[in-house]
There are 2 protein chains.
Amino acid sequence: MSESLEKQKLKPNKRKVEMTEVEWEIMRIVWDKEPCAAGTVQEELARLKKLHSGSPGKAYSTIKTTMDRMVEKGFLQIEKVRNLQLFKSCISEVDAKHREFRKMLKRAFDGALTPMMQFLIEHEGISKDEASQLRELVQRSEEKSEK
Amino acid sequence: MSESLEKQKLKPNKRKVEMTEVEWEIMRIVWDKEPCAAGTVQEELARLKKLHSGSPGKAYSTIKTTMDRMVEKGFLQIEKVRNLQLFKSCISEVDAKHREFRKMLKRAFDGALTPMMQFLIEHEGISKDEASQLRELVQRSEEKSEK
DNA sequence: TGACATGTTCGACATATATAGAATACTATC
DNA sequence: GATAGTATTCTATATATGTCGAACATGTCA
C-alpha cells in the first residue's frame, strides 16, 4: 500500500479556474434563484435570450452539461432532493466579481489600482457626471474610514 | 468552377476574439520590442519566467504557433524581411486594456462604471491613501473637462 | 397500471487553446 | 558548394469549452 500512495494524484485540480462567459450567465441566474434545477436555469436563460436578441437559446442538455462541469470546477454544488438535483452556488457574487476584477487588473494593469484609475480617466471617457459620482463615492468612503 | 465558389466561406472570423493569458504575455513583449522576431519573444519570455518562477519557459515552437494564431485573430501582423518574419502589433496597448476592462465590466458589473466603483470601495479595500489619490485624479479630470 | 412529463446520464462531435517535436528552407561562410 | 546555424512550416497530442441528441429513470395521475 505504501507504494501506491506515492503516485496517487487524484486530480490535482489546482489548474487555473476561470469563469467563462456562459458560466457567468448561468451563475447570475443561480445567484438569483438558488437553489434551483438545471431546467429552471435553462428556461430563464432562454427567456432572456429571446427577450434581448430574439434568438432561441441553448438546449437543456447544453446547460446541464455545463453546470455539471461547473460543479467539478467548484463553482456550483448539487443538493439532491429525491431524484431531483438542485444547484447552489459555491462562490459568492462578491467573490466572483472580486476574481474577475483582479484578473483584469493583473492582465492589463500589472495588478495595480492607481494606473487603472488613471487609465479610466484618460481613456475611458469618464464623463463629468460619472466623475462627480465617483468623487462623491470616494468622499463618502473617506468619511466612513475617518471615524 | 462556378460550383466551387458557392460554398466559399473564407472564414467568417466574426467570432468573439478574446486575448488569452499567454497571448497577453506575448503582446507585452511585442509592444515593448516591436518589430521583433518570434525567437526574440520566446527568449524574453523564458528570461522573465526563469527570473520570476525559476521554471524553464516554453519551447520556441509553442510561442511561434501561438503568435501565428494571433495573426489570424488580428492581434499581430507579420512583416517579412528576406526570410525573416518580424511581428508587429495590430492592436494598441490602450485598445487592449480598453477591451479587457470592458469585458470585465460587462461580465461582473453589467457594464456600468458606478457599481464597479461602489464595489471597489466596499470590497476591494481601497485605502484612505488610494481614495485620496483617486479623488485628486478625479478632480484633475473634472478641471480638464471644465475648460 | 401504464402513458406522459420531467429529469438525469452518456456519449459524441466541433472548435479553441496550450504545447512541442520533426521536417524543411534559407543564409552566411569556410 | 558542403555545412552548420537559424527560422519557418507541418503535424500531432492533450485538454477545455460549447453544443446536443438519445437512452434511461422516476414520479404523477387518469
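Here is how names work: the chains are called A, B, and so on, in the same order as the sequence lines, proteins then strands, and each is numbered from 1.
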Which nucleotide, D:dT19, D:dT9, C:dA18, lies nearest any side-chain atom of B:V22? C:dA18

Within a strict 4.5 Å, meaning less than it, do heavy atoms of the B:M117 and B:L120 side chains meet? yes

Within this structure, what is the CD-to-P distance between A:E72 and D:dT17, rounded to whole angstrom? 11 Å

B:D68 CG to C:dT19 P, straight-line distance once rounded to whole Å: 16 Å

Whether the side chain of B:R99 engages the backbone of B:M19 through a donor-acceptor N/O pair (distance < 3.5 Å, no angle test) should be reported. no

For B:C90, is there any backbone N or O sitting under 3.5 Å from a side-chain donor or acceptor partner on B:Q77? no

Please report, rounded to the nearest Å, how far the C1' atom of D:dG18 is from the NZ atom of A:K49. 12 Å

Which pairs, protein N/O on one side and nucleotides 21-25 of chain D N/O on the other, fall under 3.5 Å?
from, atom 1, to, atom 2, distance (Å)
D:dG21, N7, A:S61, OG, 3.0

Given atom CE of B:M19 and atom C1' of C:dT17, what is their separation to the nearest angstrom? 15 Å

Over how many whole Å does the gap from A:M67 atom CE to D:dG18 atom C1' extend? 16 Å

In whole angstroms, how far is the P atom of D:dT8 from the CG atom of B:L76? 14 Å

Knowing that exactly one of B:R69, B:K88, B:E34, B:M67 qualifies, which makes a side chain to side chain contact (heavy atoms under 4.5 Å, CB included) with B:L76? B:M67

Over all strands shown, is B:T20 touching base, sugar-phosphate only, or nothing at heavy-atom distances under 4.0 angstrom? sugar-phosphate

Check the distance between D:dG5's P and B:E43's CD and give it to me in whole angstrom. 16 Å

Under 4.0 Å: is that the gap between some side-chain N or O of A:Q85 and OP1 or OP2 of C:dT9? yes

To the nearest Å, give me how far apart CD (B:E79) and P (D:dA7) are. 16 Å

Taking OP1 and OP2 of C:dG7, is either one under 4.0 Å from a side-chain nitrogen or oxygen of A:K64? no

With a cut-off of less than 4.0 Å, is there a side-chain N or O of B:K73 near OP1 or OP2 of C:dT17? yes

For B:Q42 and B:K58, indicate whether the former's side chain and the latter's backbone hold a donor-acceptor pair under 3.5 Å. yes

How about B:F87 and B:T40: do any of their side-chain heavy atoms sit closer than 4.5 Å? no

Is the backbone of A:E18 close enough, under 3.5 Å, to the side chain of A:K73 for a donor and an acceptor to pair up by distance? yes

Contacts of A:I63 and B:Y60 projected onto DNA chain D by closest heavy atom; the upstream (5') one is B:Y60

Under 4.0 Å: is that the gap between some side-chain N or O of B:T62 and OP1 or OP2 of C:dA20? yes

Of A:R69 and B:L84, whose closest DNA chain D nucleotide lies nearer the 5' terminus? B:L84

